[in-house]
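Following: one structure in structure tokens, then a few remarks.
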There are 2 protein chains.
Amino acid sequence: MAAPLDPQMFDPMCPSSALPFQIGDKWTGMIVLCLEGGPRRFGELKVPLHGITSKVLAQTLRAMERDGLVTRTVYEENPPRVEYELTPLGRSLLTLIAAARAWSREHLPALLQARRAHDAAADPSR
Amino acid sequence: MAAPLDPQMFDPMCPSSALPFQIGDKWTGMIVLCLEGGPRRFGELKVPLHGITSKVLAQTLRAMERDGLVTRTVYEENPPRVEYELTPLGRSLLTLIAAARAWSREHLPALLQARRAHDAAADPSR
DNA sequence: CAGTATCCGTGGCGATACTG
DNA sequence: CAGTATCGCCACGGATACTG
């Protein structure tokens with residue numbers, strides 16, 4: 001589980017923002033996926049979550065900790081090291097996320113096509 | 001499918017707002033459930049969606065129509081009658097919603113308890 | 001009955017700067 | 001490295017009033 005996270009694990013071209021559902025806050029679902037393979041450090045999480053700011057990542061992790069989805073472990077070293085790990089409860093979300101991804105694979109293209117068709121009918125100029 | 005919708009089908013005491021996931025916008029998931037049993041009229045939908053305003057309901061239904069989740073049928077009568085019905089695509093969300101509800105039944109109590117415990121540890125006074 | 005029009009409060013999220 | 005502190009935008013959605 002020491003393999004580094006793939007910086008491209010969340011393809012910027014993936015229209016996931018069009019999904020008709022969301023896990024927790026904007027980043028929660030992606031964080032859960034990042035932690036699937038084992039504990040990860042704060043800075044390690046920032047890599048695939050391209051563009052997330054420290055503030056928002058910390059904020060999201062605090063909320064997840066509060067809800068018992070992750071544990072936060074501080075190692076008294078220098079420089080400091082902090083690791084986040086999924087709890088069994090957080091891990092239980094993985095099945096739900098898998099279901100959501102399965103739905104997307106199967107139905108999201110149809111949704112996007114319906115949207116384009118609708119928009120084209122409303123404004124044929126573009 | 002002519003049976004009226006149960007005004008209490010969404011229990012105000014149900015902590016569904018604490019769910020770590022959401023289907024579409026705030027009301028989308030509930031609307032899908034309301035339409036599960038067949039077509040419903042605009043005013044009919046407002047009953048179980050206690051407190052939703054006409055504006056927001058119309059807005060949400062427009063977005064769902066755009067994404068191909070529901071169809072909108074106007075009957076040229078007086079007074080006007082408009083019916084909304086799930087498309088096969090919209091109906092495909094039902095399995096996902098069922099999965100979300102199953103997760104909630106099984107894990108939401110643990111999440112809420114973790115939250116209470118965390119809050120109590122942070123501020124023992126309350 | 002089935003909406004539309006207008007106004008507006010709140011919160012989620014990002015940008016930037018700073019720190020033990 | 002792993003955050004916190006501030007500032008601010010703006011989209012979501014609620015309140016109210018009006019209409020074919």
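Below, chain A is the first sequence line, B the second, and so on; all start at residue 1.
We find that CD1 of B/I52 is positioned 9 Å from C1' of D/dG13, with the value rounded to whole Å. Atom pair B/L49:CG and D/dG14:C1' shows a separation of 15 Å (rounding to whole Å applied). Rounded to whole Å, the distance from CD on A/E44 to C1' on D/dG3 is 16 Å. Note: CD (A/Q59) to P (D/dT6) measures 14 Å, nearest angstrom. The distance from atom CG of B/L45 to atom P of C/dC1 is 14 Å, rounded to the nearest whole Å. A/L57 places its CG atom 13 Å from the C1' atom of C/dC13, with the value rounded to the nearest Å. Put simply, CD on A/E83 is 9 Å from P on D/dA2, counting in whole angstrom units. Atom-to-atom, CZ of A/F42 to C1' of D/dA2 comes out at 6 Å; the value is rounded to the nearest Å.
Here the side chain of B/D67 pairs no donor or acceptor atom with the backbone of B/L69 at under 3.5 angstrom. Looking at B/D25, its side chain never comes within 3.5 Å of a backbone N or O of B/W27 through a donor-acceptor pair. Side chain of A/N78 to backbone of A/P80: no donor-acceptor contact under 3.5 angstrom is found.
Applying the 6.0 Å contact sphere to CZ of B/R115 captures more than 12 heavy atoms from other residues, nucleotides or ligands. Environment of CZ in A/R91: crowded, with over 12 heavy atoms of neighbouring residues, nucleotides or ligands closer than 6.0 Å.
When distances are taken from the side chain of B/S54 to each of D/dG13, C/dG3, C/dC13, the shortest belongs to C/dG3. When distances run from any side-chain atom of B/A58 to the nucleotides D/dT16, D/dG13, C/dT4, the shortest one goes to C/dT4. Set against D/dG13, D/dA2, C/dA2, the side chain of A/V82 has D/dA2 as its closest nucleotide. Relative to the side chain of B/R72, the nucleotides C/dA2, D/dG3, C/dC13 differ in distance, and C/dA2 lies closest.
Scanning residues 60-69 of chain B for heavy-atom distances under 4.0 Å to DNA chain D yields an empty list. Listed by residue number, there are no residues of residues 6-24 of chain A with a heavy-atom contact under 4.0 Å to DNA chain C.
In this model, the phosphate group of D/dC1 is not approached by any side-chain N or O of A/R40 to a distance below 4.0 Å at OP1 or OP2. Phosphate proximity of D/dA17 to B/K55: absent, as no side-chain N or O sits under 4.0 Å from OP1 or OP2.
Residue contacts for B/D25: at a heavy-atom cut-off of 4.0 Å it reaches the sugar-phosphate backbone alone, with no base atom in range. No contact: A/Y75 has no heavy atom under 4.0 Å from any strand.
One side chain, A/S54 or A/K46, offers a donor N or O that lies under 3.5 Å from an acceptor on the other. Side-chain contact, B/Y84 with B/R72: a donor N or O sits under 3.5 Å from an acceptor N or O.
Atoms CD1 and CZ, on B/I23 and A/F21 in that order, are 6.5 Å from each other to the nearest 0.5 Å.
Using the Watson-Crick or G-U wobble rule with both distances under 3.5 Å, D/dG20 pairs with C/dC1.
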side-chain contact (heavy atoms from CB on, under 4.5 Å) between B/T60 and B/T28: does it pass, once the steps are laid out? CA-CA 7 Å; B/T60 308; B/T28 307; 3.8 Å; yes
For a side-chain contact (heavy atoms from CB on, under 4.5 Å) check, start with the C-alpha distance between B/S92 and A/E106, then their side-chain angles and the critical distance, and finish with the verdict. CA-CA 10 Å; B/S92 74; A/E106 200 167 346; over 6 Å; no
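Judged by closest nucleotide on DNA chain D, A/R41 is the one of A/R41 and B/W27 placed further toward the 5' end. Each of A/V56 and A/P80 has a nearest nucleotide on DNA chain C; the 5'-most of these lies closest to A/V56.
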